[in-house]
Amino acid sequence: MSRDFVALLRQKPHLESITTGLPTNTKNGATHLYDTAGRLLVHIAAPIEVTVPGEIERLLNTTITPPIWWVEIRAASSPPSAEPLAHAYATQLATRHQGQIWTPTNRA
C-alpha cells in the first residue's frame with residue numbers, strides 16, 4: 001500500500017466531517033491526525049480546486065475532467081497503522097464527495 005494518496009473530488013470537501021474520533025490539529029487549511037500518544041499519523045493537505053483542462057492528466061497521468069478538488073493525504077512512516085488509516089480517510093473523502101483515489105502505483 002502507498003503512503004501517499006490523492007483524492008480527486010467532484011465536490012468541495014469538508015475535512016472536519018471525516019476526522020472525528022482522533023485528536024486533530026488544523027493549520028492553514030491542512031489537518032493533522034494524531035494517535036492518543038500524540039504521534040502524527042496522517043497529514044491531509046488543504047483542498048485545491050483544479051480547473052485547468054489537462055492538468056490532472058499532466059500531473060497524475062489519469063484522465064478526469066475539471067473542475068476537481070485535489071486533496072493530498074500522507075501517512076506517517078510509523079506506526080504501521082498510519083498507512084491504512086490514510087487510505088481509509090482517502091476512501092471516505094472519495095465516497096462522500098463523488099471522487100476517486102490516486103496513488104503512485106496508479107501511474108502508468
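Looking only at side-chain heavy atoms (C-beta outward), Leu9 and Ile68 stay at 4.5 Å or farther from each other. Looking at Tyr34 and Asn25, their side chains come closer than 4.5 Å, going by heavy atoms from C-beta outward. The shortest side-chain heavy-atom distance between Val6 and Ile73 does not fall under the 4.5 Å cut-off. Residues Thr91 and Ile101 meet the side-chain proximity criterion, which asks for heavy atoms closer than 4.5 Å. In this structure, Arg10 and Ile64 have side chains that are in contact, with non-hydrogen atoms separated by less than 4.5 Å. The side-chain heavy atoms of Pro79 and Arg39, taken from C-beta on, include a pair separated by under 4.5 Å. In this structure, Trp70 and Leu59 have side chains that are in contact, with non-hydrogen atoms separated by less than 4.5 Å. Side-chain contact check for Val71 versus Phe5: every heavy-atom pair is 4.5 Å or farther apart.
Between Gly29 and Pro47 the shortest heavy-atom distance is O-CD, 4.4 Å. Nearest heavy-atom pair, Ala76 versus Ala82, reported as atom, atom and distance to 0.1 Å: O-CB, 3.6 Å. Between Ala75 and Ala86, the closest heavy-atom pair is CB-CB, 3.7 Å. Residue Ser81 comes nearest to Pro84 through the heavy atom pair O-CD, 3.4 Å, listed as atom of the first residue, atom of the second, then distance.
Panel note: side chain Asp35, backbone Ala37; a donor-acceptor pair is recorded below 3.5 Å.
Placement of Leu40 and Leu85 in two distinct hydrophobic clusters is found when ILVMFWY residues are connected by side-chain heavy-atom separations under 4.5 Å, directly or transitively.
Considering CD of Glu83 and CZ of Arg3, their distance stands at 5.0 Å, rounded to 0.5 Å. Distance check, rounded to the nearest 0.5 Å: NE2 of His43 to NE2 of His32 gives 5.0 Å. Here the CG atom belonging to Leu60 is positioned 6.0 Å from the CG atom belonging to Leu8, to the nearest 0.5 angstrom.
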(request) For the pair Val42 and Thr31, evaluate side-chain contact (heavy atoms from CB on, under 4.5 Å) and give the outcome as yes or no after the intermediate values. (result) CA-CA 8 Å; Val42 178; Thr31 300; over 6 Å; no
(message) Before you tell me yes or no, could you show the steps for Leu33 and Tyr89 under side-chain contact (heavy atoms from CB on, under 4.5 Å), namely the whole-Å CA-CA distance, both residues' side-chain angles and the distance that decides it to 0.1 Å?
(response) CA-CA 10 Å; Leu33 306 175; Tyr89 278 106; 3.3 Å; yes
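Under the 3.5 Å distance criterion, with hydrogens and angles disregarded, no donor-acceptor pair is assigned to the side chains of Gln100 and Trp102.
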